[in-house]
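Below is one structure, written out as structure tokens; the observations come after it.
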Amino acid sequence: MGRHAFINTGKMTRFILRRDRVRLPIWILSIVFITILTATSFTDLYQNEEERQAIAETMRNPAMTAMVGPGYGLDNYTEGAMMSHQMLLFTAIVAAIMSILLVTRHTRADEEDGRIELIRSLPVGPLTNLSSVMTVMVGANILLALLTGFGLAALQIESMDLSASLLYGSAIGSAGIFFAAITALFAQLSENSRGTIGYSFTILGLSYLIRAVGDVSNETLSLFSPLGWILSSEVYVNNYWWPIVLTLGASVIVFILAMYLMTKRDLESGLLPSKPGKTYASKLLLSPFGLAVKLQRTAIIAWAIGMFILGVSYGSIFGDLESFFTSNEMLVEMLSPVEGVTLTEQFSTMLMAVMSMISTVPVLLFVLKLKGEEKKGRSEHLLTRVVSRNQLLGSYVILAILFSFIMLFLAMLGLWSTANTVIEEAIPFSSMFFAAMVYLPAIWVMIALAVFALGWIPKATGLSWLYLGYSFLVVYLGGLLQFPEWMAKISPFGYIPEYPVEEINGWTLATLALIAGGLIMLGFIGYRKRDIEG
């Protein structure tokens, strides 16, 4: 095949850059801006070494280790060590998500929509598109690494010099490149974009879970996770470059495998075997709701298992967490005692906030599936039958609301059941249940915003993900970075009480539920009035 397999790669690369002339700058500049903003916040948070060491003590507990990674440099918790410990993993995951979504968009999604077939009718090689996509993603992640590195160095913070800052940026960029290669591989294995994204996010989730368990209990296990490799760079402490070389080397191997598989498959097909269809249709297909469930059955099962495993992984560290509290007098003095609430339960409120926002991801995917069906012309076909627009949209809304409870419940159940096997003083089921369920109104608001966008501004549905990302930033990192309280109040998650530490305000939760209901009604009105694409 030779060089002819890559003919006109340069022109194709420029075409992809033109298509992503808005998306790529938004992704890159957003990541760089948040990174630099966080670094500047750390300089004002703690005025002296004593305050930094006090927060370092809270970071030694297994819960924080599982969430953000091992605390290299905790004995001398400078601004640089603080930045690397608390932000590197989170930012690397965001870069990975960027790569997964953009690679899928230009490979399997374009193939599904027939664009690749059109391009292949022109003088291009069979590997031109895939190599162009990877060229763009490698360039984007290198640019992200450089802007991040030079941006952090420009702040002139004493513990964040230029070489270490470039290592910090390189860690983020290499994570993005690795998951771009992983997505390119699954684009050859899966036969649709949904599968490509699903498999890629599964690898990302497993990487996080393996790293979390390994960082708490067995450091060797962390070396089986690409996210564990990134954190092994120990940026601003020991500054190891070998994890970056390892990650990039693995990326090259995965991408070569993806190119090889690309030459072995037919266009619009996947290498993983497809299940043969049934002779008779399922009774689920007799209703729009049944069809919505059928279309997303695999995703529903995968996310349900994933949420339960997430809860189990967090629950497994509670035994270490309890012993950590009993042996650390300084931390006990720092935390304000709450009558009837153990220190372990106080820390569990933070885990509940994180799990609730992760539970929102599949719920939004379920409701926004309707937009994908519309773009492919399938909704138009349904609506020419006896199915009304209210029935069609209502099926996806009911599915999302139903599984908002199920996903959150499974995560809570995994956390509670595992935690009670490793701690001496059992956490009451009712306490853990209400601590999780208070987040349902906030998740419903997120669903409602997506439905409102579906009804009135279909092209703006992507803002739902941006809003969820903002919510994660201000709720998860807002306390650490001491963001103003009004920033948290922009998100519905900012109104949720941290039960059982805080009292449940029924009026607040009812107001959120009413707002969600109102937005959903407006979404239905808009969906009935607007034109259906296709």
Side-chain angles (χ1 to χ4, degrees), residues 62-63 65-70 88-101 103-104 108 171-172 174-190 193-233 243 246-251 253-255 257-258 261 270-272 298-317 351 354-355 357-362 365 407 410-411 413-415 417-418 472:
T65 299
M67 292 182 68
V68 301
L88 180 57
L89 177 63
F90 167 71
T91 314
I93 290 174
V94 175
I97 292 172
M98 173 189 75
S99 295
I100 290 172
L101 295 179
V103 171
T104 303
R108 180 52 70 174
I172 296 170
S174 60
I177 292 172
F178 178 82
F179 280 96
I182 286 291
T183 309
L185 174 63
F186 282 120
Q188 316 314 316
L189 298 176
S190 177
S193 58
R194 185 173 68 253
T196 302
I197 290 177
Y199 288 129
S200 301
F201 273 106
T202 298
I203 296 298
L204 179 59
L206 287 175
S207 300
Y208 181 86
L209 291 176
I210 292 171
R211 178 217 54 81
V213 175
D215 288 344
V216 172
S217 59
N218 186 348
E219 292 183 4
T220 304
L221 185 61
S222 297
L223 296 179
F224 289 91
S225 165
L227 296 178
W229 304 343
I230 297 302
L231 295 182
S232 297
S233 57
L246 174 63
T247 306
L248 294 177
S251 303
I253 294 172
V254 172
F255 179 57
L257 178 60
L261 295 178
L271 293 174
L272 291 178
T298 303
I300 289 171
I301 295 172
W303 274 104
I305 295 172
M307 292 309 302
F308 183 78
I309 293 175
L310 178 67
V312 168
S313 65
Y314 280 142
S316 64
I317 65 172
L351 298 180
V354 172
M355 290 195 302
M357 284 181 277
I358 295 176
S359 299
T360 309
V361 174
L365 287 173
M407 296 296 170
L410 287 173
L413 183 63
L415 177 66
S417 58
T418 309
F472 184 85

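Throughout, residue positions are numbered sequentially from 1 according to the sequence presented.
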Checklist outcome for this item: Closest heavy-atom pair, Ser233 versus Leu88, reported as atoms and distance to 0.1 Å, is OG-CD2, 4.2 Å

Item to check | Test side-chain contact (heavy atoms from CB on, under 4.5 Å) applied to Leu223 and Ser232, step by step | outcome: CA-CA 8 Å; Leu223 296 179; Ser232 297; 4.1 Å; yes

Next on the checklist: I'd like to know if the side chain of Ser417 reaches the main chain of Leu413, judged simply by a donor and an acceptor atom lying under 3.5 Å from each other, with no hydrogens or angles considered.
Outcome noted: yes

Checklist outcome for this item: Tightest non-hydrogen contact, residues Arg108 and Gln188, listed as NH2-O, 4.3 Å

Item to check | Shortest non-hydrogen contact from Ala187 toward Thr196 | outcome: CA-OG1, 3.7 Å

Checklist entry - Say you draw a straight line from CZ of Arg211 to CG of Leu231; how long is it, rounded to the nearest 0.5 Å? => result 6.0 Å

Checklist entry - Ile100 and Ser200: which non-hydrogen atoms are nearest, and at how many Å? => result CG2-CB, 3.8 Å

Checklist outcome for this item: Output for pair (Ile182 CD1, Ile203 CD1), nearest 0.5 Å, gives 6.0 Å

Next on the checklist: The criterion is side chain to side chain donor-acceptor pair (under 3.5 Å); which residues satisfy it with Ser222, sequence neighbours excluded?
Outcome noted: Asp215

Checklist entry - Any sub-3.5 Å donor-acceptor pair from Ser174's side-chain atoms to Ala171's backbone N or O? => result yes

Checklist entry - Going through the checks in order, is the side-chain contact (heavy atoms from CB on, under 4.5 Å) test met by Phe255 and Ile177? => result CA-CA 10 Å; Phe255 179 57; Ile177 292 172; over 6 Å; no

Next on the checklist: Between Phe224 and Leu206, is the side-chain contact (heavy atoms from CB on, under 4.5 Å) condition met? List the steps.
Outcome noted: CA-CA 10 Å; Phe224 289 91; Leu206 287 175; over 6 Å; no

Checklist outcome for this item: Of all heavy-atom pairs linking Phe178 and Ser251, the shortest is CA-OG, 3.1 Å

Checklist entry - Is a side-chain donor or acceptor of Ser225 paired with a backbone partner of Leu221 at a separation under 3.5 angstrom? => result no

Checklist entry - What do the steps show when you test Ser207 against Phe179 for side-chain contact (heavy atoms from CB on, under 4.5 Å), and what is the final call? => result CA-CA 11 Å; Ser207 300; Phe179 280 96; 4.0 Å; yes

Next on the checklist: Please report the interatomic distance OG1(Thr247) to CD1(Ile230), rounded to the nearest 0.5 Å.
Outcome noted: 4.0 Å

Item to check | Gap between atom OG1 of Thr183 and atom CG of Leu101 - 0.5 Å precision | outcome: 8.5 Å

Checklist entry - Between Met407 and Trp303, what is the shortest heavy-atom contact and its length? => result CE-CB, 3.7 Å

Checklist entry - Quick check: are there more than 12 heavy atoms from other residues, nucleotides or ligands sitting under 6.0 Å from OH of Tyr199? => result no

Checklist entry - When rounded to the nearest 0.5 angstrom, what is the spacing between CD1 in Ile197 and CD1 in Ile97? => result 11.5 Å

Checklist entry - To the nearest 0.5 Å, how far apart are CG in Leu209 and CG in Leu204? => result 9.5 Å

